[in-house]
Amino acid sequence: MGAPPILTPEQRAAALAKAAQSRKRRAEVKIKIKRGEFSIDTVLEIAANEEAVAKMRVRELLEALTGVGKVRASSLMERLKISPTRRIGGLGRHQIKELRNEFMKSSHAITPGKLLVLSGPGGVGKSTVASRLRASGDFWVSVSATTRSPRTNEHDGVDYFFITDEEFSRMVRSDEFLEWAEFAGNRYGTPSGPVEEALLAGRNVLLEIEIDGAKQVKAHLPQSVLVFLEPPTWEELVSRLEGRGTDSPDRRAERLQLAQDELAAASFFDVVIVNDQVERVVEQLIGLTS
Ligand code: 5GP
């Protein structure tokens with residue numbers, strides 16, 4: 001490193017004023033973190049655009065968070081291999097992701113939203129419920145990525161992100177999905193970034209996904225609430241399948257097996273709601289967030 005530049009008195013005064021301004025800004029941000037007005041995610045976002053905040057030490061950011069003292073901050077930094085003097089601006093992409101995950105999973109997350117996962121057998125009316133919830137404004141509804149082709153009434157970025165098989169594989173490799181699964185010959189996945197952001201911003205999030213994906217979400221985020229939507233006439237369905245004369249015995253056994261698998265999955269879920277009336281289901285789901 002060369003010798004520091006020699007500053008004129010005016011330059012020196014300007015540099016000191018700038019440093020004071022930056023310190024003031026960092027102090028303001030810390031107060032907002034302490035009051036719970038800024039989540040860790042918000043601060044990381046601000047730091048990406050503001051030099052003064054990028055210069056805040058990671059340790060200071062963590063210690064300002066509710067429920068995180070010096071001890072937890074330093075053990076966390078050690079675990080995530082963040083050096084004790086590291087500034088926010090010096091964090092690597094991977095470290096940022098891990099920090100976000102940490103606070104999403106932890107009970108110390110600031111006013112986090114609830115994550116509801118809606119699953120159930122095909123044709124039970126999940127997507128109608130999801131669109132009602134989106135319209136209610138009480139939930140941010142995740143948009144999945146899929147390799148299946150759009151249906152005539154579907155729009156890219158609204159119903160799904162319709163992507164190629166290659167793009168899906170790339171997203172799997174770079175760990176961009178919270179969960180993903182194969183269903184009827186196509187792949188479906190929930191992009192994790194927007195879900196994390198919404199939760200950290202305190203929004204309630206709804207995922208409308210199939211059963212395997214729901215199990216993966218629970219494994220990653222135990223605080224998520226898995227909701228199984230059941231058809232109102234489940235027993236009838238089973239007895240109908242059993243008594244059906246038109247299906248071959250093999251076909252009947254196959255359908256019964258599927259029904260049984262789906263019933264078994266229901267016991268894995270936190271809540272089972274019978275879809276007898278959409279309005280009632282929507283009310284119950286909103287009730288689960290309070
Ligand atoms: P469809 O092709 O009829 O829109 O959806 C087929 C199935 O995929 C539905 O059960 C739907 O809930 C599920 N699905 C939609 N998006 C996702 C996702 O991101 N992950 C998983 N695991 N399933 C999804």
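All figures in this text were calculated on a predicted structure; none of them were measured in a lab. Numbers here are sequence positions counted from 1. Note that ligands are numbered from 1 as they come in the structure, with each ligand's atoms numbered from 1 the same way.
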Heavy-atom contact under 4.0 Å between [X] and ligand 1?
X    : result
Q216 : no
T190 : yes
F177 : no

Next item on the list: Would you indicate whether the side-chain heavy atoms of L178 and L221 approach each other to under 4.5 Å?
Entry: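 Result yes, sub-4.5 Å side-chain heavy-atom pair found.
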
Checklist line | Q95 side chain near V58 side chain, heavy-atom distance below 4.5 Å | finding: no

Note to self: Could you go through R148 and E154, starting from their C-alpha distance and side-chain angles, then the distance that decides it, and tell me whether this counts as salt bridge (charged side-chain N to carboxylate O under 4.0 Å, His left out)?
What the structure shows: CA-CA 11 Å; R148 105 157 145 65; E154 288 179 330; 2.9 Å; yes

Atoms in ligand 1 with a heavy atom of [X] nearer than 4.0 Å:
X    : value
A181 : 22 (N)
E208 : 11 (C), 12 (O), 14 (N), 15 (C), 16 (N)
K126 : 9 (C), 10 (O), 12 (O)
R151 : 1 (P), 2 (O), 3 (O), 4 (O)
R148 : 1 (P), 2 (O), 4 (O)

N/O to N/O below 3.5 Å, does that happen between [X] and ligand 1?
X    : result
W180 : no
F183 : no
E154 : no

Next item on the list: Calculate, to the nearest 0.5 Å, the distance between atoms NZ and CG belonging to K114 and L206 respectively.
Entry: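 Here the interatomic distance stands at 13.5 Å.
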
Note to self: Please classify the K215 to ligand 1 contact at 4.0 Å (heavy-atom distances, strictly less than): side chain, backbone, both or neither.
What the structure shows: neither

Item checked: Residues that R187 engages under salt bridge (charged side-chain N to carboxylate O under 4.0 Å, His left out), provided they are two or more places apart -> D165

Margin query: Counting only heavy atoms not in E182 (residues, nucleotides, ligands), do more than 12 fall under 6.0 Å from its CD?
Written below: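 Yes, because the 6.0 Å sphere around CD of E182 holds more than 12 heavy atoms from other groups.
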
Margin query: Looking at R12, I'd like to know if its CZ atom is crowded, meaning that more than 12 non-hydrogen atoms belonging to other residues, nucleotides or ligands lie closer than 6.0 Å.
Written below: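 No.
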
Next item on the list: Begin with the C-alpha distance, continue with both residues' side-chain angles, and end with the deciding distance and a verdict on side chain to side chain contact (heavy atoms under 4.5 Å, CB included) for L133 and D138.
Entry: CA-CA 7 Å; L133 280 171; D138 286 295; 5.5 Å; no

